[in-house]
Undergrad: 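Got a structure for you, questions after.
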Amino acid sequence: MFVKSLELLNYRNYEKLHIDFDPGTNILYGDNAQGKTNILESIYVCATSKSHRGSKDKEIIHFHDEESHIKLFADKRGVEIRIDMHLKKNKTKGIAVCGIPIKKASELFGNIHVVFFSPEDLNIIKNGPSERRRFIDMELCQLDPVYTASLVAYNKALGQRNLLLKELSFRPEYEDTLPVWDQQLSRYGAEIIKRRREFILELNDMIADIHRKITGGREELSLSYEPDCGPEEFFSVLEASRQKDIKNRVSSRGPHRDDMVFLVNGIDIRRYGSQGQQRSAALSLKLSEIEMIRRTSGDTPVLLLDDVLSELDSRRQNHLLESIRDVQTIITCTGLDDFVNSHFSIDQVYHVSGGSVIKETS
């Protein structure tokens, strides 16, 4: 798969932009705060309906305007995919795939596969569990529509249960309705836990070999899934925590509390690992994400690298660049020296400055 072209209208600092991409390696270079990351973000939005920054639609739209448009053309094994997205400040976004409107944003997953790697991802190991859950969810949503449906249903039930827990302070008679939401949570939550467990097992097969190569065989990396509770016991766990949840007015148990642990030679590197070990593990995780998409979907994802090379030492840079030679890659950076010095193959270069993109000879 590769992205053929992208059109932006009133998107962040771009009033109007059209850019054609090469199926190989594309470099977007320029000073900071010129709009390089915004281009990668718009591609990610077309693949997932969400910003990798967690931004709301109204924050993405050019500040003088009420609406923004994205149009993306991609080639998926010889078939053209067109994504049209209409962002509105005060309304739900409109999405169409190949000219056909979709009703739910979750239906967008799987049309375009992307892997986004930014300096923030280097912190996925040492930061809180919410970032690791987000990684699992975003990966599985791209690959498994059943998981996507279960996650959407679970989050909806969780929101309703939390709302009810807050209402009980004023309407205690509503407590009798809690078992209804407990049934919903346990039904969809059990499916989420089972699929996450399978996913971590599958990922472990790939990440161990990748990390071994990155570290020259010095380290063995493995992932350990730490569910808040098992799928079979989830309903009884909800029952046992009911009075605590009523008191605290929030659902305290379930897959929204899950975590994933990174072990190097059996040691938890979140607590005891060096920064270098954490960065190597994060790089291994992203390269495993590419391999997972290949194996599961039969498709090669588009790799979006947002100024990440400057955060890696030369050894990790070289391994990353060597590993992605057959992947369409769109890279942002402030200068071209890293690529010239490493003799890395560049297919197309663009200079980004003040919301304009100029195509240069590669």
Undergrad: Looking just at side-chain N and O atoms, do Ser241 and Arg253 make a donor-acceptor pair shorter than 3.5 Å?
TA: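 Their side chains do not contain a donor-acceptor pair, so the 3.5 Å distance test is not met.
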Undergrad: Under 4.0 Å between a Lys/Arg side-chain N and an Asp/Glu carboxylate O for Arg212 and Glu219?
TA: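 Looking at Arg212 and Glu219, the cut-off is not met.
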Undergrad: Any idea which heavy atoms bring Met1 and Thr300 closest together, and the distance?
TA: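 In terms of heavy atoms, the two residues are closest at CB-O, 3.3 Å.
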Undergrad: Will you find, in the side chains of Ser68 and Asn10, an N or O donor that is under 3.5 Å from an N or O acceptor?
TA: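 Looking only at side-chain atoms, Asn10 and Ser68 do not form any donor-acceptor pair under 3.5 Å.
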Undergrad: So, Asp144 side chain and Val146 main chain: donor-acceptor pair closer than 3.5 Å or not?
TA: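 Judged by distance alone, yes, a pair lies under 3.5 Å.
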Undergrad: Assess the side chains of Asp347 and Asn26: does a donor N or O sit below 3.5 Å from an acceptor N or O?
TA: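 No, no side-chain donor-acceptor contact under 3.5 Å.
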Undergrad: Name all residues meeting the ring pair (Phe, Tyr, Trp, His ring centres under 6.0 Å) criterion together with His18; count only those two or more places apart in sequence or in a different chain, and write none if there are none.
TA: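 His18 satisfies ring pair (Phe, Tyr, Trp, His ring centres under 6.0 Å) with no residue once adjacent residues are dropped.
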Undergrad: Checking Glu311 side chain against Leu309 main chain: does a donor-acceptor pair fall under 3.5 Å?
TA: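 No, the answer is negative, given that no donor and acceptor are paired below the 3.5 Å cut-off.
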Undergrad: Which atoms form the tightest heavy-atom contact between Ser186 and Phe234, and what is the distance?
TA: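 Shortest heavy-atom contact: CA-CD2, 3.4 Å.
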Undergrad: Scan Glu120, Glu41, Met138 and name whichever one has a side chain to side chain contact (heavy atoms under 4.5 Å, CB included) with His52.
TA: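 In the set Glu120, Glu41, Met138, the residue that makes a side chain to side chain contact (heavy atoms under 4.5 Å, CB included) with His52 is Glu41.
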Undergrad: For the residue pair Ser55 and Arg12, what are the closest heavy atoms and their distance?
TA: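 Closest heavy-atom pair between Ser55 and Arg12: OG-NH2, 2.9 Å.
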Undergrad: Under 3.5 Å, is there a donor-acceptor pair linking the side chains of Arg53 and Asn38?
TA: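 Looking only at side-chain atoms, Asn38 and Arg53 do form a donor-acceptor pair, the distance falling under 3.5 Å.
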Undergrad: Could you check Glu360 against Tyr29 for side chain to side chain donor-acceptor pair (under 3.5 Å), going step by step and ending with a plain yes or no?
TA: CA-CA 11 Å; Glu360 297 183 351; Tyr29 82 97; 2.9 Å; yes
Undergrad: Tell me whether Arg271 at atom CZ has more than 12 heavy atoms from other residues, nucleotides or ligands lying less than 6.0 Å away.
TA: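 Atom CZ in Arg271 is not crowded, with 12 or fewer foreign heavy atoms closer than 6.0 Å.
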Undergrad: Using the ring centroid of each side chain, check whether Tyr14 and His62 are separated by less than 6.0 Å.
TA: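 Not close enough - the centres of the two rings lie 6.0 Å or further apart.
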Undergrad: Are Arg134 and Asp137 within salt-bridge range, i.e. N to O under 4.0 Å?
TA: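 No, this pair does not count.
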Undergrad: Is Lys16 salt-bridged to Glu7, cutoff N-O under 4.0 Å?
TA: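 No, this pair does not count.
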Undergrad: Could you check whether Lys286 pairs with Glu289 (Lys NZ or Arg NE/NH1/NH2 to Asp/Glu carboxylate O, under 4.0 Å)?
TA: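 Yes, charged N to carboxylate O under 4.0 Å.
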Undergrad: Please answer whether the main-chain N or O of Ile136 pairs with a side-chain N or O of Glu139 as donor and acceptor at a distance below 3.5 Å.
TA: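 The answer is no, because no donor-acceptor pair under 3.5 Å joins these two groups.
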Undergrad: So, Arg279 side chain and Asn123 main chain: donor-acceptor pair closer than 3.5 Å or not?
TA: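 A pair under 3.5 Å: no.
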Undergrad: Quick check against the 3.5 Å criterion: does Arg218 have a side-chain atom that pairs as donor or acceptor with the backbone of Thr215?
TA: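 Side chain of Arg218 to backbone of Thr215: a pair is present.
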Undergrad: So that I can tick it off, tell me whether Arg294 and Glu291 are bridged by a salt bridge, with the cut-off set at under 4.0 angstrom between side-chain N and carboxylate O.
TA: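 Counted as a salt bridge, because a side-chain N and a carboxylate O are separated by less than 4.0 Å.
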Undergrad: Compare every heavy atom of Ile112 with every heavy atom of Ala74, then report the nearest pair and how far apart it is.
TA: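 Where Ala74 meets Ile112 most closely, the heavy atoms are CB-CD1, 4.3 Å.
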Undergrad: Applying the side-chain hydrogen bond (donor to acceptor under 3.5 Å, both in side chains) criterion to Arg171, which one of Glu173, Glu175, Glu167 satisfies it?
TA: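 Exactly one pass, corresponding to Glu173.
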Undergrad: Using the ring pair (Phe, Tyr, Trp, His ring centres under 6.0 Å) criterion, which residues pair with Tyr188? Sequence neighbours excluded.
TA: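 Listed in chain order: nothing, the list is empty.
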Undergrad: To the nearest 0.5 Å, what is the distance between CG on Leu223 and NE2 on His211?
TA: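 One gets 10.5 Å once the value is rounded to the nearest 0.5 Å.
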Undergrad: Do the side chains of Ile95 and Asp84 get nearer than 4.5 Å, heavy atoms only?
TA: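 Asp84 vs Ile95: side chains apart.
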Undergrad: I'd like to know if the side chain of Lys88 reaches the main chain of Glu66, judged simply by a donor and an acceptor atom lying under 3.5 Å from each other, with no hydrogens or angles considered.
TA: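 Pair absent, no side-chain N/O of Lys88 close to backbone of Glu66.
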Undergrad: Identify whether the distance between the nearest side-chain nitrogen and carboxylate oxygen of Asp245 and Arg242 falls below 4.0 Å.
TA: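 Looking at Asp245 and Arg242, the cut-off is not met.
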Undergrad: Any idea which heavy atoms bring Ser284 and Ile210 closest together, and the distance?
TA: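 For Ser284 and Ile210, the tightest heavy-atom pair comes out as CA-CG2, 4.0 Å.
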Undergrad: Is any NZ, NE, NH1 or NH2 atom of the basic residue among Lys93 and Asp57 found under 4.0 Å from an Asp or Glu carboxylate oxygen of the other?
TA: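 Salt bridge flag = yes for Asp57 with Lys93.
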Undergrad: Kindly compute the distance separating CG (Leu72) from OG (Ser42), expressed to the nearest 0.5 Å.
TA: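 Taking CG in Leu72 and OG in Ser42, the distance rounds to 7.5 Å.
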Undergrad: List the steps, then state whether side chain to side chain contact (heavy atoms under 4.5 Å, CB included) holds for Ser310 with Asp307.
TA: CA-CA 6 Å; Ser310 62; Asp307 200 26; 3.5 Å; yes
Undergrad: Main chain of Ile124, side chain of Arg132: is a donor-acceptor contact present, judged purely on distance under 3.5 Å?
TA: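 Answer holds: yes.
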Undergrad: Exactly one of Asn127, Val261, Asp259, Leu263 should register a side chain to side chain contact (heavy atoms under 4.5 Å, CB included) with Arg270. Which one does?
TA: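 Between Arg270 and the candidates, side chain to side chain contact (heavy atoms under 4.5 Å, CB included) is satisfied uniquely by Asp259.
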Undergrad: Give the C-alpha distance, both sets of side-chain angles, the deciding distance and a yes or no for salt bridge (Lys or Arg N to Asp or Glu O under 4.0 Å) between Lys4 and Glu80.
TA: CA-CA 9 Å; Lys4 296 165 66 176; Glu80 184 175 84; 2.8 Å; yes
Undergrad: Whether the Asp306 and Thr332 side chains hold a donor-acceptor pair (N or O, under 3.5 Å, no angle test) is what I'd like checked.
TA: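 Side chains of Asp306 and Thr332: pair found under 3.5 Å.
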Undergrad: Go through it in stages, so that I can follow the logic: the residues are Tyr350 and Ile358, the test is side chain to side chain contact (heavy atoms under 4.5 Å, CB included), and I'd like the CA-CA distance, side-chain angles, deciding distance and then a yes or no.
TA: CA-CA 5 Å; Tyr350 309 84; Ile358 300 172; over 6 Å; no
Undergrad: With rounding to the nearest 0.5 angstrom, report the OG1 to CG distance, Thr37 to Asn32.
TA: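 Reported to 0.5 Å precision, the distance equals 8.5 Å.
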Undergrad: Salt bridge or not for Arg195 and Glu191, using N-O below 4.0 Å?
TA: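 Judged by the 4.0 Å cut-off on N to carboxylate O distance, Arg195 and Glu191 do not form a salt bridge.
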Undergrad: Side-chain donor-acceptor pair under 3.5 Å between Tyr147 and Arg196, yes or no?
TA: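 The answer is yes; a qualifying pair exists.
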Undergrad: Donor-acceptor check, side chain of His256 to backbone of Ser251, threshold 3.5 angstrom: yes or no?
TA: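 Between the backbone of Ser251 and the side chain of His256 there is a qualifying donor-acceptor contact (under 3.5 Å).
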Undergrad: For the CG atom of Leu287 and the OG atom of Ser323, what is their distance to the nearest 0.5 Å?
TA: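 It comes to 5.0 Å.
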Undergrad: Please work out whether the ring planes of His86 and His69 are parallel, tilted or perpendicular, with thresholds of 30° and 60°.
TA: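 Ring orientation of His86 relative to His69: parallel.
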Undergrad: When you measure from the side chain of Asp121 to the backbone of Ser118, do you find a donor-acceptor pair of N or O atoms at a distance under 3.5 Å?
TA: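 Yes; at least one donor-acceptor contact below 3.5 Å.
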Undergrad: Out of curiosity, Ile83 CD1 to Cys46 SG, how far, rounded to the nearest 0.5 Å?
TA: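 Between atom CD1 of Ile83 and atom SG of Cys46 there are 6.5 Å.
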Undergrad: With a 4.0 Å cut-off on N to O distance, would you call Asp258 and Arg133 a salt bridge?
TA: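 Here Asp258 does not pair with Arg133 in a salt bridge, since their nearest N and O are not under 4.0 Å apart.
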Undergrad: Counting N and O atoms only, with roles assigned by atom type, does the side chain of Gln277 sit under 3.5 Å from a partner on the main chain of Ser274, one being a donor and the other an acceptor?
TA: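 Indeed, once roles are kept as given, a pair shorter than 3.5 Å links the two residues.
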Undergrad: Looking at Arg249, I want to see if its CZ is surrounded by more than 12 non-hydrogen atoms of other residues, nucleotides or ligands under 6.0 Å.
TA: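 Counting neighbours around CZ of Arg249, 12 or fewer heavy atoms of other residues, nucleotides or ligands fall under 6.0 Å, so no.
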Undergrad: Say you draw a straight line from CD of Gln184 to CG of Asp182; how long is it, rounded to the nearest 0.5 Å?
TA: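 If I round to the nearest 0.5 Å, the distance is 10.5 Å.
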